[in-house]
There are 4 protein chains.
Amino acid sequence: MEALLAVELALARAEARVGLIPESAAQAIERAVQVAEPDADALGREAAATGSPVVPLVRYLRQLVGESAAASVHRGATSQDILDTATMIVVRNSLAVIVNDMMAAADAAARLARTHRDTPVAGRTLLQQALPTTFGLKAAVWMTGLDEAVAGLKRVRDERLAVQLGGAAGTLAAFGSHGPRLVAALADELGLRQPVLPWHTQRNRIGELASALGVAAGAAAKPARDIVLLAQTEVGEVHEGDPARGRSSTLPHKRNPVAAVSALAAAEQAPGLVATLLGAMAHEHERAAGAWHAEWPPLRQLLLAVGSAVSWLADSLAHLEVDVEAMARNLERGHGLILAERIAGALERTMGRDGADAFVSDVAREAADAGQPFDDLLRARVAELPEPPTLDLDELLDHRGYLGSATELVDRALAAHDALRTST
Amino acid sequence: MEALLAVELALARAEARVGLIPESAAQAIERAVQVAEPDADALGREAAATGSPVVPLVRYLRQLVGESAAASVHRGATSQDILDTATMIVVRNSLAVIVNDMMAAADAAARLARTHRDTPVAGRTLLQQALPTTFGLKAAVWMTGLDEAVAGLKRVRDERLAVQLGGAAGTLAAFGSHGPRLVAALADELGLRQPVLPWHTQRNRIGELASALGVAAGAAAKPARDIVLLAQTEVGEVHEGDPARGRSSTLPHKRNPVAAVSALAAAEQAPGLVATLLGAMAHEHERAAGAWHAEWPPLRQLLLAVGSAVSWLADSLAHLEVDVEAMARNLERGHGLILAERIAGALERTMGRDGADAFVSDVAREAADAGQPFDDLLRARVAELPEPPTLDLDELLDHRGYLGSATELVDRALAAHDALRTST
Amino acid sequence: MEALLAVELALARAEARVGLIPESAAQAIERAVQVAEPDADALGREAAATGSPVVPLVRYLRQLVGESAAASVHRGATSQDILDTATMIVVRNSLAVIVNDMMAAADAAARLARTHRDTPVAGRTLLQQALPTTFGLKAAVWMTGLDEAVAGLKRVRDERLAVQLGGAAGTLAAFGSHGPRLVAALADELGLRQPVLPWHTQRNRIGELASALGVAAGAAAKPARDIVLLAQTEVGEVHEGDPARGRSSTLPHKRNPVAAVSALAAAEQAPGLVATLLGAMAHEHERAAGAWHAEWPPLRQLLLAVGSAVSWLADSLAHLEVDVEAMARNLERGHGLILAERIAGALERTMGRDGADAFVSDVAREAADAGQPFDDLLRARVAELPEPPTLDLDELLDHRGYLGSATELVDRALAAHDALRTST
Amino acid sequence: MEALLAVELALARAEARVGLIPESAAQAIERAVQVAEPDADALGREAAATGSPVVPLVRYLRQLVGESAAASVHRGATSQDILDTATMIVVRNSLAVIVNDMMAAADAAARLARTHRDTPVAGRTLLQQALPTTFGLKAAVWMTGLDEAVAGLKRVRDERLAVQLGGAAGTLAAFGSHGPRLVAALADELGLRQPVLPWHTQRNRIGELASALGVAAGAAAKPARDIVLLAQTEVGEVHEGDPARGRSSTLPHKRNPVAAVSALAAAEQAPGLVATLLGAMAHEHERAAGAWHAEWPPLRQLLLAVGSAVSWLADSLAHLEVDVEAMARNLERGHGLILAERIAGALERTMGRDGADAFVSDVAREAADAGQPFDDLLRARVAELPEPPTLDLDELLDHRGYLGSATELVDRALAAHDALRTST
């Protein structure tokens with residue numbers, strides 16, 4: 001409602017600037033807007049009769065502004081001009097919050113990456129322990145996804161939020177010869193872009209906005225899902241540290257990762273809403289018969305869902321407690337199994353690749369069947385080989401030595417993140 | 001399959017460059033790839049056992065390459081490295097076609113905009129005649145939507161198609177200290193971007209690609225829907241001109257706008273697929289338990305659907321026959337009703353805005369009820385006014401004089417389009 | 001909120017019935033619920049801390065009910081028990097309205113089918129005039145789709161709305177040995193079904209509800225789209241008759257089909273929401289980490305969207321004005337072209353099928369090229385045939401004689417509709 | 001293609017039965033269909049020209065059948081009649097496989113429920129251990145979801161698969177007075193339902209089919225997700241037992257739950273496809289301008305995705321190895337913490353509810369902070385109470401005594417499952 005009034009006011013000012021209405025009328029409208037207190041419920045009811053809340057709002061404003069300036073209110077504009085432009089303002093405000101929260105989440109991930117740059121943790125593929133990695137690298141992956149999503153949102157915010165002004169059919173006919181100059185003036189008033197053409201039925205902007213929000217939801221869901229998985233009772237590598245939250249209504253002992261769960265719940269709502277908005281892009285002729293109205297609720301819900309997801313994620317990351325010992329304990333569970341790739345690689349020189357793989361697999365299976373530690377059995381079986389290779393099994397079985405380029409990758413990602421922050 | 005082989009080859013070359021495998025092994029792999037004729041069906045069956053076609057392909061390739069170089073095939077890589085990178089190659093190839101067709105469609109729309117820069121046509125809102133506009137402006141709106149969608153696709157193509165290489169858990173551990181240099185070398189081999197981090201579980205790239213394709217589908221659907229509506233028997237303002245198409249199996253007289261209909265049908269499939277891909281972005285830990293595999297069919301289908309939509313649209317626009325007379329006839333149907341806004345605007349000075357609106361509405365209703373032409377009745381009712389205003393009704397009722405800034409807008413849009421084409 | 005309180009009350013009564021809490025406690029809770037005025041905003045804020053509004057509501061209720069009965073409030077239940085069951089009550093209430101409106105819409109379509117049982121109208125395929133049909137048959141198709149969708153909603157309403165009660169992990173452990181009897185008592189209190197198992201993480205019911213709503217939206221969109229198309233200025237075969245609606249903010253002459261457009265706009269929002277709810281069905285273990293919370297907004301939005309679509313459609317159909325003359329006029333536009341299939345069929349005996357098709361196609365094309373009426377040219381060309389067939393072209397060119405089984409189909413559909421109404 | 005030919009043949013037979021074409025022509029068509037070997041690629045190319053593969057297929061069939069019977073091929077039908085009816089046949093065949101696999105999956109879950117009727121396992125909410133439950137109850141929940149989804153698929157299969165026959169505009173005009181009888185005869189030939197009205201533009205059937213498939217995907221995803229989570233290295237409570245599967249390409253020790261992961265991956269593709277099909281329900285007038293063609297790929301993909309999900313799930317469940325010891329071990333991890341609700345309940349009588357909750361919470365926190373077992377500390381702290389309650393803590397801390405009605409629920413669910421199997 002505020003945004004609708006702001007657009008009507010900006011339109012009046014712009015029209016006064018190009019000479020379409022008297023300066024005094026613009027001033028009268030400004031005063032009216034300042035004191036306007038439209039009854040949202042009544043407008044809602046009236047909106048049903050015309051398909052838009054602008055019609056009753058304009059009627060209200062014309063009454064408020066008095067007879068002399070009444071005709072200068074909403075002059076030459078159509079309802080969609082006002083609504084689309086107001087939507088851009090609402091989007092700009094929402095994006096400010098979302099981008100902010102997303103940057104906070106990325107910064108929190110960056111802190112985790114820096115702090116745990118060298119903290120070993122089990123790398124898991126298909127939820128099976130696969131190879132060691134570092135918690136720093138995990139956090140750096142989260143951070144990079146968030147940073148990239150922020151870039152997408154900023155691009156939309158900076159390049160794609162434009163005023164819509166076309167009049168009833170997009171020709172600016174009701175503005176006489178002032179049309180294009182008026183569009184420029186309105187864009188200037190509101191700090192929005194001036195489009196090449198009115199976009200009342202060309203909805204790329206809405207599609208791009210929805211897409212960027214959808215990608216942001218996906219980027220937020222990734223760390224949220226990882227956190228929920230890491231916080232499992234049997235894994236226990238992270239906890240959400242906010243003591244005011246996560247208590248169960250029935251279970252006094254539980255510490256639920258409420259923020260991450262809430263982030264996931266919000267993020268899951270985004271893709272369906274993005275689909276609705278993309279599916280509503282084909283507006284008929286000079287005003288859509290349905291597709292335009294179909295944009296409003298999903299766009300609002302999408303901003304809410306992504307805003308909620310990002311805000312919860314920032315909260316979760318900011319309070320995340322990392323249990324380095326649990327990470328170490330979990331890494332040790334397999335007694336070196338997680339280094340099977342490395343062992344096989346070391347044996348490859350003497351056994352060939354397939355031989356080495358088969359040897360390690362056999363030892364792994366035997367250990368599992370017999371309930372024996374893998375590392376002990378491995379030492380025994382290696383010693384029994386006809387020509388025992390000269391391997392430093394102690395070193396090979398130390399997961400700290402098989403973290404690959406994890407640290408280098410973290411540093412590179414942090415450098416990229418820091419560069420982003422100093423550049424903006 | 002070709003792309004998979006290309007990646008395995010590029011990987012071998014890159015590994016030889018950084019010294020991970022002997023140059024001779026890379027050459028052996030190159031020869032093997034050149035003669036490789038993997039049995040796609042057999043690989044498909046084996047793929048079910050491991051969840052990826054790469055495992056059997058690597059086995060096949062190792063056999064083909066001989067014992068000495070076998071261990072150098074796929075060295076240190078994981079299946080997802082190969083599949084993700086191959087997907088990027090397939091995407092690049094597909095985008096080349098899609099961007100090309102989309103530019104052809106935009107160019108065809110530009111030709112229509114230029115040719116019909118001043119051709120009046122009824123502007124329709126909610127599928128009701130509202131105000132005159134020009135067919136040139138309609139076509140310019142189509143063109144601008146297509147151009148903007150092309151920009152989005154190009155951005156993804158140029159900035160977001162990157163090699164994926166991380167090894168089993170994304171640490172590049174199996175490549176020893178060569179990891180980052182190897183990634184750079186692989187990117188160089190394939191002409192793809194080098195990512196800051198491995199993106200095996202950070203799927204922004206896929207989400208952005210899907211989104212850009214979804215927006216492209218929406219941008220293609222807009223002109224397709226307009227064409228289908230304009231080609232209706234009762235409207236008849238355009239026809240698809242390809243004589244080889246659009247015949248009905250049962251109705252010898254029909255000329256169906258088959259290309260536009262097919263474009264719509266293809267475009268409608270995109271949003272659901274985009275949603276699936278956005279929903280699959282939250283990959284668990286270091287390899288997703290489902291979400292990664294869930295990307296393949298929808299991504300392929302999305303490329304097909306958008307490719308098909310764009311190709312049909314380019315065809316429809318290239319062959320579009322514009323019936324200028326039908327446009328004029330339809331504009332005349334309402335005997336000036338379509339200029340009601342203009343008439344009311346002219347009467348506003350003497351009657352006030354509400355008075356003018358009510359007067360024109362009353363005349364319109366009376367004309368409809370009595371089955372009389374609006375313009376005749378309007379002249380009569382204006383003449384009967386107590387103080388008849390001095391209006392040039394003939395001029396006011398000429399829709400050519402109420403096209404607003406349509407022509408200026410077309411010129412501006414064409415200039416922007418031309419600038420795009422010369423810059424790329 | 002009301003539904004949450006109703007469930008807490010029903011739970012207390014049921015627990016008193018099975019002897020879990022004293023009868024006096026149930027009575028105290030009943031008195032408390034009657035006077036309860038929870039502060040929705042405050043609850044919302046507290047809800048964020050636990051992930052559910054039930055926790056603060058129970059706390060409030062316990063305070064209200066006094067110390068002696070406090071422990072009997074919410075005894076043994078978990079938040080999800082209350083929320084899921086309350087959702088079922090809200091759904092039941094919403095479905096009552098939706099089913100009612102949908103039946104009203106179907107009845108309105110039935111009236112149109114009956115009234116216009118024999119009114120010829122152009123049958124249109126791919127928006128091209130194809131063959132004559134009747135407006136009665138069009139309306140009967142709308143009606144049947146609505147009736148079938150009602151059947152789906154009723155099935156969910158009657159068979160799938162069940163209480164959820166399982167306690168914290170679905171074992172009913174906190175209810176001692178009373179669990180299953182308590183579930184039965186609660187179902188009895190609320191008039192909901194008793195499920196075989198607690199369904200806290202088995203969400204078929206939500207999926208089926210969402211699906212039935214999605215199908216209802218599609219069934220509502222079909223007539224809405226047809227109405228919007230029939231109401232086009234150039235077609236003009238129907239108008240929405242509510243005089244209070246459809247005025248444009250800028251165009252005094254327009255009569256927009258606002259109700260049908262609004263129905264379309266609402267219906268278009270359904271599929272994406274259904275997808276979200278289907279995608280959220282895979283709840284983890286004994287309570288989902290996100291998917292459960294992800295159900296709430298889309299389910300509410302889906303009920304709103306479908307409710308809105310159906311209500312607008314009922315409105316549109318109830319006020320639909322049918323312009324029989326416009327239908328006749330449009331049928332005549334092609335001067336018999338719409339009977340091309342029939343003419344070709346009649347010529348088939350003498351010319352063979354391909355010959356007849358080709359002959360009619362040629363005449364149609366020649367007529368179009370020369371701007372001549374098809375029927376005149378057809379008579380001439382038939383007369384010129386070497387062996388002119390004995391055809392009654394006047395009769396063949398009368399579209400009233402080529403309506404096939406339209407009337408019989410309408411009667412059959414109306415009989416089925418009437419049978420439904422008397423059976424329920 | 002086979003289905004298309006089957007429909008053309010059935011149409012010919014039905015037309016011969018009602019006397020529309022000679023019996024000899026039907027026989028000629030039967031012979032032709034038996035030897036027909038249409039070139040799918042060529043038909044595909046020609047299909048592009050008319051928007052349907054039926055047109056070239058009919059042409060091919062007419063050539064094959066010879067001049068005398070050519071006109072009897074496809075007589076009076078329109079392409080959509082053939083395609084929609086053929087689709088119903090394909091759907092029937094696909095549903096046979098899907099229902100079968102889904103029943104196999106439910107039976108496998110039933111076996112697990114029976115075998116592990118009393119096997120304690122940690123109940124987990126938000127992926128945190130909450131209360132003990134039984135693995136039998138988990139499996140029973142899976143089973144019930146699958147059974148309910150089967151019921152939905154069977155309902156569609158038995159009640160909603162109908163022939164489509166309407167001719168070019170749905171009036172059956174080209175069949176003279178034989179229309180309705182012909183529809184009945186065609187339904188009889190093919191064993192499909194006879195619809196009240198032609199459903200060429202009333203797509204409830206497609207929507208209901210899509211929905212039932214979407215619900216089936218969700219019901220399959222639930223057990224698949226649980227299995228993936230239970231198979232995690234750190235949980236280890238189940239393993240997929242098929243030795244031929246789940247090996248990693250790089251990690252010799254891993255046992256990936258490939259079947260469950262594949263089921264999840266397939267199921268995740270369903271919701272977006274369902275949305276596309278629901279969104280395509282609003283077909284324009286007497287044949288849709290896009291929405292009909294838009295159904296084909298998503299419907300095929302949906303059948304494939306759900307078929308794949310269900311088949312993989314049946315495989316996973318059939319080979320599932322349950323590690324009862326791991327379940328017991330995980331239950332013991334918290335040293336009784338998982339029974340906190342029970343302990344608090346027992347203390348409630350002496351401490352009041354809030355007091356008991358607070359006491360247990362405090363002990364839980366102290367135990368966590370001090371790294372002490374919860375049960376030991378609990379005993380100590382209870383003993384220190386001013387008036388120690390007389391509690392049998394040994395019994396209270398035995399999770400076997402706090403399984404609530406789990407066994408009874410399993411038995412009830414199995415009885416319902418068995419009743420289903422004997423009734424069908």
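Just so we're clear, the structure is a prediction, and the values are computed from it rather than from any experiment. Convention: sequence-line order gives letters A, B, ...; per-chain numbering from 1.
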Is [X] close to chain B through its backbone or its side chain, or both, or neither, when contacts mean heavy atoms under 4.5 Å?
X       : value
A406(A) : both
P223(A) : neither
L403(A) : backbone
R155(A) : side chain
A140(A) : both
R203(A) : neither

Please find the pair of heavy atoms, one from [X] and one from [Y], that lie closest to each other, and give the distance.
X       : Y       : answer
V196(B) : A413(A) : CG1-CA, 3.6 Å
A275(B) : G272(A) : CB-N, 4.5 Å
Y402(A) : A174(B) : OH-CA, 3.5 Å
E208(B) : V215(A) : N-CG2, 3.8 Å
G179(B) : S405(A) : CA-OG, 4.1 Å
E341(A) : A168(B) : OE2-CB, 4.0 Å

Before giving the answer on side chain to side chain contact (heavy atoms under 4.5 Å, CB included), spell out for H285(B) and T125(A) the whole-Å C-alpha distance, their side-chain angles and the decisive distance to 0.1 Å. CA-CA 7 Å; H285(B) 291 321; T125(A) 62; over 6 Å; no
So, taking the atom named [atom1] in [X] and the one named [atom2] in [Y], what distance separates them when rounded to the nearest 0.5 Å?
X       : Y       : atom1 : atom2 : answer
L137(B) : L197(A) : CG    : CG    : 6.0 Å
E284(A) : R225(B) : CD    : CZ    : 5.5 Å
L273(B) : L278(A) : CG    : CG    : 11.0 Å

The complete set of side chain to side chain donor-acceptor pair (under 3.5 Å) pairs with one or both residues in residues 268-277 of chain B, sequence neighbours excluded, reads none
Under the side-chain contact (heavy atoms from CB on, under 4.5 Å) test, residues paired with A151(B) that sit two or more places apart: none
Interface check, chain B: of L229(A), V274(A), I206(A), most non-hydrogen pairs under 4.5 Å belong to L229(A)
Mark yes or no for whether K222(B), through its side chain, and H283(A), through its backbone, hold a donor-acceptor pair below 3.5 Å. yes
Tell me, out of [options], who's got the most heavy-atom pairs with chain A below 4.5 Å.
options                            : result
H178(B), H200(B), M281(B), E67(B)  : M281(B)
A416(B), A280(B), P180(B)          : P180(B)
A149(B), G176(B), G145(B), G207(B) : G145(B)

Scan T171(A), L172(A), V183(A) and name whichever one has a side chain to side chain contact (heavy atoms under 4.5 Å, CB included) with L409(B). L172(A)
Step-by-step salt bridge (Lys or Arg N to Asp or Glu O under 4.0 Å) determination, K138(A) to E286(B): CA-CA 8 Å; K138(A) 284 183 86 79; E286(B) 280 68 46; 3.0 Å; yes
Is it true that E348(A) and R75(B) make a salt bridge, defined as a side-chain N closer than 4.0 Å to a carboxylate O? yes
